[in-house]
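In what follows, every heavy atom counts, from backbone to side chain, and hydrogens, waters and symmetry copies are set aside.
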Amino acid sequence: MFENLQSQPADKILALMQMYKDDPRETKVDLGVGVYKDATGLTPVMRAVKAAEQQIWQAQDTKVYTGLAGDPAFADAMIALVLGDAVPRATVAAAATPGGTGAVRQAFEMVRMAKPDARVFVSDPTWPNHLSILKYLDIEIVPYRYFDDETRGVDFDGMMADLKTAHAGDVILLHGCCHNPTGANLNASQWDDVIKVLQDTGATPMIDIAYQGFGDGLDADAAATRKLVASVPECLIAASCSKNFGIYRERTGLLMAVAADSAAHALNQATLAFLNRQNFSFPPDHGARIVTTILNDDALRTDWMAELEEVRGAMLGLRTQLAGELQRLSGSDRFGFLGQHRGMFSRLGTSPEKVEELRVKHGIYMVGDSRMNIAGLNTDSVPILAAAIIDVGI
């Protein structure tokens, strides 16, 4: 049987990690992996997470399974965090998943179950795993224009023209905030235009929100999602706790299905539980319990929000420093977009050949499409990166 297996393409980011590890240069800079790092290169355990784990360890008296959809308290806490009071709780079905990736996978599974011939409109570019999962599930992908390599901003006219070709029964996948891999986001007015297209076409929106709190703040980063779900009859939302709670290895995510009314909610909830049963049965609980503990404890929530603001502020500070250093070295403001982007990532909008030159000549490691993780920098490595960018002629 196994002789019939075929080799799959190697993961480019994992290969980049190994190349970085093998590089002996002391000035090398890792901007490839999508994980937050502090100024020392560590991905720390947040204070509130440690405190919550201590509470759980002391109080927990069983490790028995939770329900197929996970602990309802986790769903309640996350729905409140992401959606606020945008829609009635009774219209939101939810299921815990192994990370945000698990939520994305289950959402696509639900789409395929509900409408096997659905097309999924995906931004060009998008997180590569979106495309990988869709291809594996044999769901038709329709790319829509998003990033402008000249302005390093959103090609909004192109995006709108492409989205207007969607039909009822299609799905439009949107990044809730901190677009991965570009860092370029829609403004409030542009979100209004997207909502109008969704209303006119009847297409169903799916929002992947993996970086809430990393852009402009917890509520600001959720504002577009909240406005959208209040404006359309149905929506899928895949949320991740990996980044804003720093619990990457705990694999903690939630899939939400917002329905037009409470009657549809019951069927959606049963469907999510069924999909969990088919894929992994009961979802992991430890990370979900950490998140629930933090969000339901005033002191822990306050401390978590404060530390999350420190993380967000640090990344914004690095963006400002890098944009300023590049302006000083280049004598122009053509890199000002770096200060406008939000989240962990920015896309330089240069060629794979220039990215390879950065690696070979300067030990700067980033993905071939020129996505770089701003959180991989510190105040000492920013000048190294800026000088390298100018040297290779980006």
When you group the ILVMFWY residues by side-chain heavy-atom contacts below 4.5 Å and let the links chain together, are Ile56 and Tyr65 in the same group? no
Validation row: Met206, Leu174 side chains within 4.5 angstrom (heavy atoms): no
Without swapping roles, check the side chain of Ser381 against the backbone of Leu377 for a donor-acceptor pair under 3.5 Å. no
Determine, step by step, whether Lys50 and Glu53 satisfy the salt bridge (Lys or Arg N to Asp or Glu O under 4.0 Å) criterion, reporting the C-alpha distance in whole Å, the side-chain angles of both residues, the deciding distance to 0.1 Å, and the verdict. CA-CA 5 Å; Lys50 277 187 173 291; Glu53 287 187 306; over 6 Å; no
May I ask you to decide whether Glu109 forms a salt bridge with Arg112, counting only side-chain N to carboxylate O separations under 4.0 Å? yes
Using a strict threshold of under 4.0 Å (side-chain N to carboxylate O), is an ion pair present between Asp219 and Arg226? yes
Report yes or no: do Val171 and Ile237 belong to one cluster of Ile/Leu/Val/Met/Phe/Trp/Tyr joined by side chain heavy-atom distances under 4.5 Å? no
Could you check whether Arg119 pairs with Asp170 (Lys NZ or Arg NE/NH1/NH2 to Asp/Glu carboxylate O, under 4.0 Å)? yes
Note, Arg371 side chain near Pro125 side chain (heavy atom, < 4.5 Å): no
Do Asp124 and Arg145 have side chains that get closer than 4.5 Å, going by heavy atoms? no
Would you say that Val122 contacts Val142 through its side chain, given a criterion of any heavy-atom pair below 4.5 Å between the two side chains? no
Consider only side-chain heavy atoms of I, L, V, M, F, W and Y, link residues closer than 4.5 Å, and tell whether Val92 and Leu68 are in one cluster. no
Parallel under 30°, tilted from 30 to 60°, perpendicular over 60°: which one fits the rings of Tyr211 and Phe214? tilted
Both conditions, 6.0 Å and 45 degrees, for the charged tip of Lys28 above the ring of Tyr20: are they met here? yes
So, do Asp23 and Tyr365 sit near enough that their side-chain heavy atoms are less than 4.5 Å apart? yes
Does one hydrophobic cluster hold both Val120 and Ile207, with members joined at side-chain heavy-atom distances below 4.5 Å? no
For the ring pair Tyr144 and Phe121, is the centre-to-centre distance below 6.0 Å? no
Is it the case that one hydrophobic cluster holds both Met17 and Ile374, taking links as side-chain heavy atoms less than 4.5 Å apart, direct or via other members? no
Would you call the rings of Phe108 and His130 parallel, tilted or perpendicular if under 30° counts as parallel and over 60° as perpendicular? perpendicular
Show, in sequence, the C-alpha distance, side-chain angles and deciding distance for Asn187 and Ser189, and conclude whether the side-chain hydrogen bond (donor to acceptor under 3.5 Å, both in side chains) test is met. CA-CA 6 Å; Asn187 61 37; Ser189 174; 4.6 Å; no
Any non-hydrogen side-chain atom of Phe282 less than 4.5 Å from a side-chain atom of Arg277? yes
Lys227/Asp192 ion pair, N-O < 4.0 Å: yes
salt_bridge(Asp30, Lys37) N-O dist < 4.0 Å: yes
Hey, are the side chains of Gln60 and Arg289 touching, using non-hydrogen atoms and a 4.5 Å cut-off? yes
Stepwise side-chain contact (heavy atoms from CB on, under 4.5 Å) check, Phe156 with Val194: CA-CA 10 Å; Phe156 190 65; Val194 170; 4.2 Å; yes
Taking the six-membered ring for Trp, are the ring centroids of Tyr146 and His179 within less than 6.0 Å of each other? yes
Indicate yes or no: at least one non-hydrogen side-chain atom of Ile389 is less than 4.5 angstrom from one of Lys354. no
